[in-house]
Amino acid sequence: MPRPFRFGVNMITIESGPAWRQKCRRAEALGYDVLLVPDHLGWPAPFPALVAAAEATERPRLGTFVLNAGFWNPALLAREVATTDLLTDGRLELGLGTGYVRAEHDRAGLPWGTPGERVDHLARTVEELERLLGDPEHAPKAAQQPRPPLLIGGNGPRMLRLAARHADIAAFTGGRAAPGKPEGTLALLTPDELDAALTVYHRAAADRPAPAELNILVQRVMATGDRRAFAREIAAHGLGVDEEQALRIPTFLFGTVAQMAEQLREHRERYGFSYITVLDPSMEAFAPVIEELKDS
């Protein structure tokens with residue numbers, strides 16, 4: 001049996017306390033299962049935003065999507081995670097990544113390092129969190145034991161192997177750094193490239209006692225009666241996919257509600273993606289698809 005769908009929304013803006021709480025309640029009413037906050041300078045601070053989200057809602061889980069490990073000392077992060085898990089009554093899901101914007105590290109006065117060094121730091125952070133949060137003497141003690149569920153996001157081979165070893169949820173962006181483009185610019189993975197990344201992951205995860213949940217970040221949701229016209233638009237932007245590939249990638253979701261729901265069923269069948277995350281500008285547009293897929 002396929003894993004049931006879960007739906008998350010990554011909320012990237014905050015205007016005021018009342019507006020934030022109202023947005024969280026709206027996401028809950030629309031059927032989202034997870035309320036998520038990223039980790040970028042200039043955007044909301046993840047942990048206080050999640051505590052406020054917990055106070056405004058009852059059902060959704062709450063997650064970081066994803067923390068930039070380079071911003072965090074493992075011991076201090078363990079304290080934040082345990083405290084937030086307690087204050088949210090065990091609803092926290094911890095998402096971790098290496099970070100991908102050098103300018104943010106420079107602004108914070110933190111080292112950037114090579115890609116290998118950033119993965120090394122993330123691996124040490126994961127191992128230290130598991131050690132600290134799993135220690136019966138650690139205080140504060142997280143509500144979920146031995147730790148909250150762990151999501152690791154990334155597409156490179158080392159990141160995929162790290163996720164295969166440690167993560168309860170493996171998250172895929174469907175993109176990579178665009179060569180020769182400004183920092184932070186992504187090029188989309190073609191369906192075949194995504195297949196190859198998943199092959200690396202599944203080989204590394206072959207000895208897991210239980211399969212992890214697989215997540216995909218949908219960059220944009222577009223309701224349209226003409227899927228091919230929108231695919232041509234995607235291809236024209238030079239994002240690394242042609243028109244035919246754009247019709248099949250899971251990174252963009254477009255068509256009628258029924259067509260988008262069928263796309264997600266197909267992506268779950270082909271790739272294993274059952275946990276779908278959208279960005280908050282797409283929160284309302286995606287809601288009818290959630291309703292269409294209810295109990296799927």
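Positions are given from 1, in the same order as the sequence printed here.
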Show me the donor-acceptor pairs within less than 3.5 Å that the side chains of residues 225-233 make with the rest of the protein, sequence neighbours left out.
{"residue": "D226", "atom": "OD1", "partner": "R228", "partner atom": "N", "Å": "3.4"}
{"residue": "D226", "atom": "OD1", "partner": "A229", "partner atom": "N", "Å": "3.1"}
{"residue": "R227", "atom": "NE", "partner": "F254", "partner atom": "O", "Å": "2.9"}
{"residue": "R227", "atom": "NH2", "partner": "L247", "partner atom": "O", "Å": "3.1"}
{"residue": "R228", "atom": "NH1", "partner": "E243", "partner atom": "OE2", "Å": "2.6"}
{"residue": "R228", "atom": "NH1", "partner": "E244", "partner atom": "OE2", "Å": "2.7"}
{"residue": "R228", "atom": "NH2", "partner": "E244", "partner atom": "OE2", "Å": "3.3"}

Decide whether N155 and T173 meet the rule of one side-chain donor and one side-chain acceptor closer than 3.5 Å. yes
Within the 3.5 Å criterion, strictly below it, is a donor on T98 or N68 matched to an acceptor on the partner's side chain? no
Using the test side-chain hydrogen bond (donor to acceptor under 3.5 Å, both in side chains), find all partners of H138 that sit at least two apart in sequence or belong to another chain. none
Which atom of [X] lies closest to which atom of [Y], heavy atoms considered:
X	Y	result
M283	R26	CE-CG, 3.9 Å
R25	A56	CG-O, 3.0 Å
G175	L189	N-CG, 3.9 Å
I216	G174	CD1-N, 4.0 Å

Yes or no on side chain to side chain contact (heavy atoms under 4.5 Å, CB included) for L264 and R268, after CA distance, side-chain angles and deciding distance? CA-CA 6 Å; L264 291 180; R268 182 173 62 179; over 6 Å; no
For the pair W112 and H105, name the ring-plane relationship: parallel under 30°, tilted 30 to 60°, perpendicular over 60°. perpendicular
Using the ring of each side chain (for Trp, its six-membered ring), is F5 parallel, tilted or perpendicular to F7, with breaks at 30° and 60°? parallel
V51 with L62, same ILVMFWY side-chain cluster at under 4.5 Å: no
Scan for side-chain hydrogen bond (donor to acceptor under 3.5 Å, both in side chains) pairs involving residues 78-88, sequence neighbours excluded, and state none if there are none. D85-Q144
Start with the C-alpha distance between R61 and D33, add both sets of side-chain angles, then the distance that settles salt bridge (charged side-chain N to carboxylate O under 4.0 Å, His left out), and finish with yes or no. CA-CA 6 Å; R61 307 253 325 149; D33 301 294; over 6 Å; no
Run the side-chain contact (heavy atoms from CB on, under 4.5 Å) test against H121 and tell me which residues pass, sequence neighbours left out. A69, R124, T125
My understanding is that only residues two or more places apart in sequence, or in another chain, count here; which of them pass side-chain contact (heavy atoms from CB on, under 4.5 Å) with A205? A164, Y201, R208
Taking only distance into account, with no hydrogens and no angle test, what donor-acceptor pairs under 3.5 Å do side-chain atoms of residues 285-296 form with protein atoms, sequence neighbours excluded?
{"residue": "E291", "atom": "OE2", "partner": "K294", "partner atom": "NZ", "Å": "2.9"}
{"residue": "S296", "atom": "OG", "partner": "L293", "partner atom": "O", "Å": "2.9"}

Given side chain to side chain contact (heavy atoms under 4.5 Å, CB included), test L151 with F65 step by step and report yes or no. CA-CA 8 Å; L151 175 150; F65 196 83; 4.0 Å; yes
I'd like to know whether D168 forms a salt bridge (charged side-chain N to carboxylate O under 4.0 Å, His left out) with R147, so could you lay out the CA-CA distance, the side-chain angles of the two residues, the decisive distance to 0.1 Å, and finally the verdict. CA-CA 11 Å; D168 305 292; R147 57 160 173 74; 2.8 Å; yes
Is a side-chain N or O of T57 found less than 3.5 angstrom from the main chain of P60, in a donor-acceptor match? no
Evaluate the side chain to side chain contact (heavy atoms under 4.5 Å, CB included) criterion for residues L122 and M159: first the C-alpha distance (whole Å), next the side-chain angles of each, then the deciding distance (0.1 Å), finally the verdict. CA-CA 9 Å; L122 174 59; M159 288 293 292; 3.4 Å; yes
Working note: L150 + L96, criterion side chain to side chain contact (heavy atoms under 4.5 Å, CB included); need CA distance, chi angles, decisive distance, verdict. CA-CA 8 Å; L150 176 63; L96 293 172; 3.7 Å; yes
Less than 4.5 Å apart, any side-chain heavy atom of E93 and any of P148? no
Distance under 6.0 Å and angle within 45° of ring axis: R6 vs Y275: yes
